[in-house]
Amino acid sequence: MSDNVVRLHKGPEPPAAEVPVTTLTVVSDPPTAPMPRVPLWVRSGRAVKRIATHERTTTTVRAVARHGLYTLNGGRIVARRTWDGRTGARYERMLRAAEAAGNYEVAEEWEERLQRFREARHRRRMDLLHSPADAAKGVAVGTGMGIGVLVALGIVMALNSKEVGDVITPLKATVDFIAALIRIVQVVWGPAITIGPFLALLALWAVGSKQQAAPQWALPANVRSGEGEPITPSIVVKALRDLGIPAMRNAIKEMGDAGASMLSPIKIAGCGVELDVTLPSGVSTNEVQNRRRKLAENLTRHEHEVFITIPEAARTVRLWIADSGALDEPIGPSPLVTDETLTADYAKGTAPWGQDLRGDAAALSLYQRHLLITGLSNQGKTAALRSLALWLALDRSVEFWMGDLKGAGDWNMFDGLATRLIQGPTDDHVIQVTEMAEDAVEEMNRRLQAPPGTMFPPLIVIVDEAQVAFMCPVKDEDKRPYGGSSSNSRYFMAARKIHNQGRAVNVLLWQGTQDPTDQNLPKLVREGAHTRASLALGTESQARMALGDKAVDGGAAPNLLRPGLDKGTLVIASDGIEIPKGQSSITVRTHYISTDDAKVIATRAKAMRDGVTTLHVIDRGADRDPLADIASVLGDASRLRTQDVLKRLAMLNEDAYGKWSFIDLKRVLDGTGAEPYKSDGVMVVGRDRIARALANRPDTDSASAAE
């Protein structure tokens, strides 16, 4: 039997676990203190303030005040015009204004006009003494003649109709007509008396509305803001009055014409207007120049939209004021891009560079002028310099030696066009560029020693990012620094020598630098350039470095151009560009030529030449292969004159070929089958003959191996 017991009843359940009970006590909120009652007068004041300051209320008040003041001030304007027409007040105002401005010649002219007006007025008044009798006689004579004419007309009618009564018919008709007019006047007179004042007020309102004769706060928002407001004499005078110059403000108050006599006629000038302002005695031109920003804001313009220059006239400033936002609009493409037939002439032509502020084409003469362009980084310096070189490249007589010390490929299109093209930012590249400049000095000296009257083709030496050369710390084996501005600094001295005498033999130096200082652009070098141009700069002291004291004192202000926004805008001081009479500088917005367009223009320039071998590294002192070097300098030309071959060999390596003559060239080529021969009466070297000579000569390495 099994011992397992099966229980048939349910056993007692285990006791349940005790659950803790939480007791909640409900506490009522503390009694809230009653809000203090706002007095009725406070609530009423707030409501009145809210209604009074509501936009609709202010707009309505402005409209009511504006139109009411239009009528009031319109009446004042009409009254003043009437008074001016009847009296000599206008002449007296002009006389006082001319005296306040110190212009005594004009004052004498207005005094003469005033005297003539008074004499004419006196004659008119004397004539009034006799006018009543003359008027009575005229009325009597006119009435008698009229009656006589009407009676004569009636007699003619009576004779025609055989009726005696027709004699008075014309008189009767005239009397009836006069009676009808009187009845019409009687009917219309009442309404005219009622409506007439309203029509007069409407006419006065029209005059005031046209003149905007209301305070600024009452004018509409679009007029009150002044954005794009046209320049008028009153706006200019008000802007000058509020410049904060006490002598100016007092002089304008004393002028009877409220300062209008200070202004010349306002002329349209390109995308803006231009006028001259003759300043009152006691106000200097530099006081106005130093407040350019305030003057611009008074004219509702940005600072960069107002230019102040000093013309030849004493105590005069010339204002050019742009249309609002006009200077932010781009100018058109360069003629170099749009006109594929365009050519260049170094001696007589001018390079199309851009547009001046008046919208006229700005062209620069490059003939025998050293060039300096400077500005902050990334403002368009290289593009501006390159566009001049691209134009000049279309003159096949011009030779280029180029050094780009940035090395970003901005001048790659001149490969095959420039004789030398060095690109890179390292010290080795600075050394190469310095040696190139020194070679240009040697070429200049050779030309200077030539017989008098010898004509030389232009040689343009271009150094972009020249500040890298001036700041180079490397020294040569003789401890002479390549950079710096001391008397033994190699690049500095080469630039100085070219500046001193290069233009006489058409050896010119063009330099582009950025962010000028006395260290990276020495004083003697920057002052040696005939054409000095500046993009946006940071300070006035930099502007003086870039353009010189005379240009800055005359109003040139590249430091006020907007970096990044005024890219390609240059302030230029040069006699090679047409500058308005009396000014020392001109502002030009240059055409931008993209890299792709520059390549197209360079291709056109290359097609005009016989082929140019571009040296990228100046090799000095190495063993040379004369025959291979002759082949390299021939380039793509089928043949070259022996003189040109000698010249290119000298450029290739001055040490090896600088002293070569025709005899040396003939000695090397004799026996090779590539001897010089005559073509069109001149001795030339043929490319095909040189190629055959290279192909047929024995291989030195193979011969050595065979031995």
Side-chain angles (χ1 to χ4, degrees), residues 368 370-371 389 397-405 411 414-424 426-450 454 456-466 468-470 472 474-478 480-483 488-512 525 528 612-622 624 626 629-630 632-633 635 643-661 664:
Q368 293 188 344
H370 301 298
L371 177 66
S397 67
V398 178
E399 182 179 358
F400 292 100
W401 293 3
M402 295 182 172
D404 175 17
L405 293 177
W411 297 86
F414 281 87
D415 192 356
L417 189 57
T419 308
R420 302 186 183 187
L421 178 59
I422 301 167
Q423 300 181 91
T426 67
D427 291 340
D428 290 337
H429 293 101
V430 172
I431 294 172
Q432 293 284 321
V433 168
T434 302
E435 292 176 346
M436 179 183 73
E438 291 173 338
D439 289 347
V441 173
E442 292 184 10
E443 172 64 15
M444 175 190 73
N445 292 333
R446 182 188 70 81
R447 295 183 178 190
L448 289 170
Q449 297 172 21
T454 305
F456 298 101
L459 171 60
I460 311 298
V461 181
I462 300 176
V463 180
D464 195 10
E465 307 295 342
V468 178
F470 285 114
C472 180
V474 177
K475 296 182 180 181
D476 62 12
E477 60 274 8
D478 297 326
R480 293 179 58 196
Y482 286 92
N488 64 342
S489 298
R490 292 182 60 177
Y491 180 79
F492 170 77
M493 291 306 299
R496 286 292 299 137
K497 290 176 181 178
I498 296 174
H499 279 169
N500 288 339
Q501 296 177 297
R503 66 182 299 271
V505 288
N506 288 330
V507 177
L508 302 178
L509 177 62
W510 295 3
Q511 296 181 97
V525 170
V612 175
T613 301
T614 299
L615 301 181
H616 298 278
V617 177
I618 303 175
D619 188 10
R620 300 180 183 275
R624 309 299 305 184
D629 286 344
I630 293 171
S632 67
V633 300
Q643 290 295 332
D644 292 338
V645 173
L646 290 171
K647 181 179 177 181
R648 293 190 180 188
L649 285 173
M651 292 178 184
L652 180 65
N653 191 297
E654 179 68 22
D655 294 337
Y657 303 115
K659 297 181 180 180
W660 268 35
S661 65
D664 298 308

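Side-chain atoms are counted along with the backbone in the values below, which use heavy atoms only and exclude waters and symmetry mates. Residue indices begin at 1 and follow the sequence shown.
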What do the steps show when you test V468 against H429 for side-chain contact (heavy atoms from CB on, under 4.5 Å), and what is the final call? CA-CA 10 Å; V468 178; H429 293 101; over 6 Å; no
Could you measure the distance from the CG atom of N445 to the CD atom of Q501? Nearest 0.5 Å is fine. 7.0 Å
From I422 atom CD1 to I431 atom CD1, the distance as rounded to the nearest 0.5 Å: 11.0 Å
Can you sort out the partners of H370 under ring-ring contact (aromatic ring centres under 6.0 Å, His included), two or more places apart, ordered by chain and number? H499, H530
To check you understand the geometry: which heavy-atom pair defines the closest contact between V525 and A495, and what is its length? CG2-CB, 4.4 Å
Side chain to side chain donor-acceptor pair (under 3.5 Å) with Q423: which residues, sequence neighbours excluded? N412
Salt bridge (charged side-chain N to carboxylate O under 4.0 Å, His left out) against D428, all qualifying residues, sequence neighbours excluded: none
May I have the step-by-step check of side-chain contact (heavy atoms from CB on, under 4.5 Å) for Y491 and V430, ending in yes or no? CA-CA 9 Å; Y491 180 79; V430 172; over 6 Å; no
Please list, chain by chain and in numerical order, all residues satisfying salt bridge (charged side-chain N to carboxylate O under 4.0 Å, His left out) with D427, sequence neighbours excluded. none
Do you know which two heavy atoms are closest between P458 and V398, and how far apart they sit? CG-CG2, 3.5 Å
Testing the basics here: between Q368 and A504, what is the closest heavy-atom pair and its distance to 0.1 Å? NE2-O, 4.3 Å
With A418 via side chain to side chain contact (heavy atoms under 4.5 Å, CB included) - residues at least two apart: F400, M402, F414
Identify the heavy atoms of L421 and D415 that sit nearest to each other, and give their distance. CD2-N, 3.8 Å
Check whether S489 reaches the backbone of G483 with its side chain - one donor and one acceptor, N or O, closer than 3.5 Å. yes
In chain order, what residues pass the side chain to side chain donor-acceptor pair (under 3.5 Å) check against R648, with sequence neighbours excluded? none
To the nearest 0.5 Å, what is the distance between CG on L405 and CZ on F470? 10.5 Å
CG-NZ distance between N488 and K475, expressed to the nearest 0.5 angstrom: 8.0 Å
Check the pair N653 / D629 against side-chain contact (heavy atoms from CB on, under 4.5 Å), numbers first and verdict last. CA-CA 9 Å; N653 191 297; D629 286 344; 5.8 Å; no
Suppose we screen for salt bridge (charged side-chain N to carboxylate O under 4.0 Å, His left out). Which residues come up paired with D476, at least two apart in sequence or across chains? R490
State, to 0.1 Å, how close V633 and I630 come at their nearest heavy-atom pair, and which atoms those are. CG2-O, 3.2 Å
Test of understanding: with ring-ring contact (aromatic ring centres under 6.0 Å, His included), list the residues that count as partners of Y482, not counting sequence neighbours. none
What is the distance from atom CD of Q511 to atom CD1 of I498, rounded to the nearest 0.5 Å? 8.5 Å
Could you tell me which residues satisfy side chain to side chain donor-acceptor pair (under 3.5 Å) with D464, sequence neighbours excluded, listed by chain and number? K381, T382, W411
Test of understanding: with side chain to side chain contact (heavy atoms under 4.5 Å, CB included), list the residues that count as partners of A450, not counting sequence neighbours. T454, F456
Taking all atoms of both residues into account, what is the closest heavy-atom pair of A440 and V461, and its distance? CB-CG2, 3.7 Å
Pairing residues for E443 by the side chain to side chain donor-acceptor pair (under 3.5 Å) criterion, not counting sequence neighbours: R446, R447
Spatial distance of atom CZ (R503) from atom CG (L508) [nearest 0.5 Å]: 8.5 Å
Restricting to salt bridge (charged side-chain N to carboxylate O under 4.0 Å, His left out), what partner residues turn up for K647, sequence neighbours left out? E399
